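Every value quoted in this text rests on a predicted model; they were computed, and no experiment measured them.
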Amino acid sequence: MADGYVAASDNPALKVAKPRHLPSTRRAVADSRLAEINAVAASTGDDPALDSPLLRLHTETACRRGGALALRPAALDPDQCHILLREKGDTVRWQPVSPTLRRHLQQHAEERQARGTGQLLRYRNGRPITYRRYDHLWARIGEHLPWVYVQRISTHWLRRTTLTWVERNFGYAVARAYAGHSDSGSDVGTTSTYVRASLQEVAAALGSVFKGS
């Protein structure tokens, strides 16, 4: 059609109904479940010193995997406890972190010889991690926590967990900024998909409505 070989009226593909986009099953993880995930990451595997800060980074900042992998030592602001996140769509944003996470990231960079603009997150041998580390991490957690395997819990669930908590306690505008979403129409709508009510919240509402019955 773009090259003029086929007219729009002659294109059979346009007559095929597009499959309906099903809503994601991802949602916020309950506090107790999140504690279980962190406990397994900190006590199993060949490198808990990598996995624990990695999960904390995602939980604190709600960053995407690409943002964590793109993190550089030069992007740490120790004075203000900020980190510079570079994520999809070439977006760049400063994100506040706790002094504890900032200290862990600096220590990790020093011990594993990550310098300047080199990747911060590394294995013990100094080699930068890749997306495969996430795959192995969640596969291991799923072996110890069957519900993680059954529900296909992943790093993106941590992002939803944090953004949901932020939206409930500080409002939609703060959650949108926390997520790194812009003010464009698509991004504004995207934020709402991250902060959907969880089953726990629905159950709490049920208990409140029918309390004592």
Side-chain angles (χ1 to χ4, degrees), residues 26-78 80-88 91-165 178-180:
R26 295 168 179 162
R27 58 183 182 275
V29 179
D31 291 346
S32 59
R33 294 299 197 183
L34 184 58
E36 292 180 43
I37 290 173
N38 287 323
V40 170
S43 60
T44 64
D46 60 354
D47 198 353
L50 166 64
D51 296 332
S52 289
L54 182 62
L55 291 182
R56 177 155 187 162
L57 171 64
H58 285 284
T59 304
E60 274 201 25
T61 67
C63 69
R64 303 172 178 87
R65 292 187 305 173
L69 295 177
L71 189 61
R72 303 292 187 257
L76 303 182
D77 183 346
Q80 300 185 78
C81 281
H82 291 168
I83 63 174
L84 186 65
L85 291 175
R86 302 177 183 277
E87 298 189 298
K88 70 176 186 178
T91 60
V92 179
R93 60 189 171 99
W94 284 102
Q95 185 78 7
V97 296
S98 68
T100 300
L101 178 58
R102 184 263 302 165
R103 185 170 60 253
H104 282 315
L105 291 176
Q106 286 185 308
Q107 181 179 354
H108 180 93
E110 293 169 1
E111 292 178 348
R112 309 203 173 187
Q113 301 182 357
R115 299 184 178 89
T117 58
Q119 185 174 322
L120 191 150
L121 297 170
R122 296 172 179 266
Y123 294 105
R124 295 183 191 277
N125 61 8
R127 184 166 50 89
I129 71 169
T130 66
Y131 287 104
R132 290 184 61 82
R133 185 63 189 184
Y134 290 93
D135 297 335
H136 293 311
L137 172 59
W138 287 109
R140 185 177 79 247
I141 294 175
E143 292 175 356
H144 292 270
L145 302 173
W147 59 270
V148 168
Y149 171 78
V150 171
Q151 296 185 40
R152 297 293 188 267
I153 305 295
S154 66
T155 307
H156 209 69
W157 287 61
L158 302 183
R159 177 171 166 83
R160 289 177 179 268
T161 300
T162 301
L163 295 180
T164 297
W165 187 90
Y178 209 112

**Message:** Quick one: does any side-chain atom of His108 pair with a main-chain N or O of Arg122 as donor and acceptor, under 3.5 Å?
**Reply:** yes
**Request:** Please confirm whether the backbone N or O of Leu158 pairs with a side-chain atom of Thr59, one donor and one acceptor, at under 3.5 Å?
**Result:** no
**Request:** For Asp135, look at atom CG and say whether over 12 heavy atoms of other residues, nucleotides or ligands are found less than 6.0 Å away.
**Result:** yes
**Prompt:** Do the side chains of Leu120 and Arg72 get nearer than 4.5 Å, heavy atoms only?
**Reply:** no
**Request:** Carefully, step by step, assess Lys88 and Arg64 under the rule side chain to side chain contact (heavy atoms under 4.5 Å, CB included).
**Result:** CA-CA 8 Å; Lys88 70 176 186 178; Arg64 303 172 178 87; 3.7 Å; yes
**Request:** Can you see which heavy atom on Pro48 is nearest to which on Pro53, and at what distance?
**Result:** O-CD, 3.9 Å
**Prompt:** Any chance the side chains of Arg115 and Gln113 put a donor and an acceptor closer than 3.5 Å?
**Reply:** no
**Message:** Please evaluate residues Thr44 and Arg140 with respect to the criterion side-chain hydrogen bond (donor to acceptor under 3.5 Å, both in side chains), reporting the C-alpha separation (whole Å), side-chain torsions for both, the decisive distance (0.1 Å), and the verdict.
**Reply:** CA-CA 8 Å; Thr44 64; Arg140 185 177 79 247; 2.9 Å; yes
**Message:** Whether the Thr162 and Glu60 side chains hold a donor-acceptor pair (N or O, under 3.5 Å, no angle test) is what I'd like checked.
**Reply:** no
**Item:** Within 6.0 angstrom of Tyr123 OH, more than 12 heavy atoms from elsewhere
**Value:** yes
**Prompt:** Is the distance between the ring centroids of Tyr134 and His156 less than 6.0 Å?
**Reply:** no
**Request:** Decide yes or no for Thr130 and Leu69: does some side-chain heavy atom of the first lie under 4.5 Å from some side-chain heavy atom of the second?
**Result:** no
**Asked** Is the side chain of Gln106 donor-acceptor paired with the backbone N or O of Pro78 at a distance under 3.5 Å, no angle test?
**Response** no
**Message:** Out of the candidates Arg133, Arg112, Arg127, only one should pair with Asp47 under the salt bridge (Lys or Arg N to Asp or Glu O under 4.0 Å) rule; please name it.
**Reply:** Arg112
**Message:** On the six-membered ring of Trp147, is Arg33 placed so that its NZ or CZ lies under 6.0 angstrom from the centre and within 45° of the ring axis?
**Reply:** yes
**Prompt:** Considering only heavy atoms from C-beta outward, does the side chain of Ile153 approach that of Leu145 to under 4.5 Å?
**Reply:** no
**Message:** Between Asp77 and Arg102, does any side-chain N to carboxylate O distance fall below 4.0 Å?
**Reply:** no
**Request:** Indicate the ring-plane relationship of Trp94 and His82, choosing parallel, tilted or perpendicular according to the 30° and 60° boundaries.
**Result:** tilted
**Message:** What I'd like to find out is whether the side chain of Leu57 reaches to under 4.5 Å of the side chain of Leu121, using heavy atoms alone.
**Reply:** yes
